[in-house]
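Every chain is numbered from 1, with letters handed out A, B, ... down the list of sequences.
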There are 2 protein chains.
Amino acid sequence: MSTLTFPATTPSVAEDCEQLRKAFGGWGTNEGLIISILAHRDAAQRRLIQQTYAETYGEDLLKALNKELSNDFERVVLLWTLDPAERDAFLANEATKKWTSSNQVLMEIACTRSSHQLLLARQAYHARFKKSLEEDVAYHTSGDFRKLLVPLVSSYRYEGDEVNMTLAKSEAKILHEKISEKAYNYEDLDLKTDPKDEFLAILRATIKCLTCPEKYFEKVLRLAINKRGTDEGALTRVVTTRAEVDMKIIKDEYHRRNSIPLDRAIVKDTHGDYEKMLLALIGHGDA
Amino acid sequence: MSTLTFPATTPSVAEDCEQLRKAFGGWGTNEGLIISILAHRDAAQRRLIQQTYAETYGEDLLKALNKELSNDFERVVLLWTLDPAERDAFLANEATKKWTSSNQVLMEIACTRSSHQLLLARQAYHARFKKSLEEDVAYHTSGDFRKLLVPLVSSYRYEGDEVNMTLAKSEAKILHEKISEKAYNYEDLDLKTDPKDEFLAILRATIKCLTCPEKYFEKVLRLAINKRGTDEGALTRVVTTRAEVDMKIIKDEYHRRNSIPLDRAIVKDTHGDYEKMLLALIGHGDA
């Protein structure tokens with residue numbers, strides 16, 4: 001379900017590092033070369049490249065990329081190159097710092113990663129930010145949003161096959177009753193209407209993320225692309241976090257829903273190296 | 001800080017299994033032999049014994065112990081033999097099922113284990129009970145207790161050395177103000193007085209567990225022992241969960257506070273094989 005494509009024969013890690021070094025050197029940066037390497041390596045390969053690059057040149061690859069690139073292209077390359085857990089920690093930290101009630105990134109990370117991935121992200125958060133994710137979320141949020149987000153980012157969901165259907169049905173029944181009665185202050189639901197219905201929106205999105213993440217991500221992409229001026233932040237986030245996971249399904253869902261393939265929508269809305277990197281990650285020309 | 005004592009030369013795992021098998025066979029069970037082996041092996045050794053016993057005799061060691069032993073002695077041996085993470089999962093599950101507002105076991109497990117140990121317990125909980133610990137805690141608790149316990153059992157606390165003292169001080173100031181004002185409904189504190197002040201009690205115990213666990217455990221032991229009839233549940237839990245961790249400090253604290261050594265207090269309050277097992281675990285005759 002990943003959209004990554006790989007060269008017929010993958011060069012050695014040492015060769016990749018050498019080529020990247022070459023791309024940074026000389027007159028101007030060779031963005032095409034950077035894309036041709038990094039956009040076509042999986043997480044394990046990118047991790048090795050980072051390690052080897054640091055050992056060989058005594059310089060952090062991310063710092064080098066940060067120095068050479070700029071704007072949206074820089075952000076997509078940096079986010080992509082990061083290890084998934086570190087990327088999630090970075091995105092989550094950023095989201096706590098600029099948290100508003102319409103920011104759904106924390107919920108998205110908490111609900112669309114597996115229990116184990118979320119845990120790795122929380123460990124990466126400790127390592128990088130010297131505090132716990134739930135602590136930062138509690139600090140930066142308030143009210144109903146805090147009540148929803150703190151447990152979400154702290155959860156370690158059971159993902160096995162054995163489900164207690166009796167319990168699930170009784171819980172579904174309670175939720176149905178509370179929603180019918182609009183008893184939104186019910187503890188297990190806690191859905192007070194706020195002026196902009198933003199809490200209701202994040203609650204709906206939470207359910208979507210937990211049940212059909214591809215529909216949630218399709219919608220984030222749709223809103224990001226249809227927006228006047230494009231929301232590059234959302235576009236970059238979804239592409240870098242999903243390319244290796246379920247981007248194929250998200251692309252299908254996007255096409256079905258918008259009657260235009262995602263790559264064509266991206267071509268219309270973006271340009272330059274940023275566009276090229278996005279297209280490479282979503283497997284443009286592949287299919 | 002562990003109170004475990006080991007034989008001068010530890011027998012091989014195969015020998016241990018053979019001796020245990022012998023202790024179960026023949027006329028009556030040889031409780032002394034069981035104690036002399038299991039009470040003097042650390043968690044890694046006990047895990048190996050369990051594995052080897054199952055491989056050699058095609059029978060689960062815990063089931064064999066369950067068949068041969070009874071009452072308090074059975075419980076202390078079974079809890080002790082379990083892997084620490086499995087033991088915590090078992091104790092936490094039991095606590096959710098018989099949860100009352102005076103039951104502090106969930107808080108104790110959440111707050112006195114390291115982040116990593118708590119995580120292992122949550123993984124063991126998935127494996128054994130096919131659901132998540134936080135789900136069960138939310139299901140069995142309500143009100144302020146739920147608001148306190150769900151985040152506690154879900155937490156993955158940062159345990160590094162770098163602490164943001166500015167933030168810590170500002171949080172301490174807020175708490176101090178709220179407590180002075182008796183503003184117990186403050187969100188970060190949430191300390192409504194309930195008829196029996198049980199919520200206040202668990203909140204105090206939480207702070208104690210997080211800051212000086214040995215004082216918390218000393219108090220649990222003191223109350224368990226001073227009680228008319230002894231609270232064997234609490235006594236067994238503290239001894240089995242702390243023997244390998246910080247029982248030495250807890251013993252010192254107990255002696256300081258009660259002017260009687262813990263082993264002497266246990267001798268006065270318990271008897272038989274149960275007494276012998278507890279004494280073996282807290283390093284009686286050692287010192």
Main chain of Arg157(A), side chain of Ser115(A): is a donor-acceptor contact present, judged purely on distance under 3.5 Å? yes
Whether the side chain of Glu214(A) engages the backbone of Glu253(A) through a donor-acceptor N/O pair (distance < 3.5 Å, no angle test) should be reported. no
Select one option (side chain, backbone, both, neither) describing which atoms of [X] are under 4.5 Å from chain B's heavy atoms.
X	result
Glu171(A)	side chain
Leu133(A)	neither
Phe129(A)	neither
Glu134(A)	side chain

Does Tyr139(A) OH have over 12 foreign heavy atoms under 6.0 Å away? no
Pick from Ala127(B), Ser155(B), Gly160(B): which one has the most heavy-atom pairs with chain A under 4.5 Å? Ser155(B)
With rounding to the nearest 0.5 angstrom, report the CG to CG distance, Leu281(B) to Leu79(B). 10.5 Å
Check this for me, if you would: do Arg75(B) and Glu94(B) make a salt bridge, where the nitrogen-to-carboxylate-oxygen distance has to be below 4.0 angstrom? yes
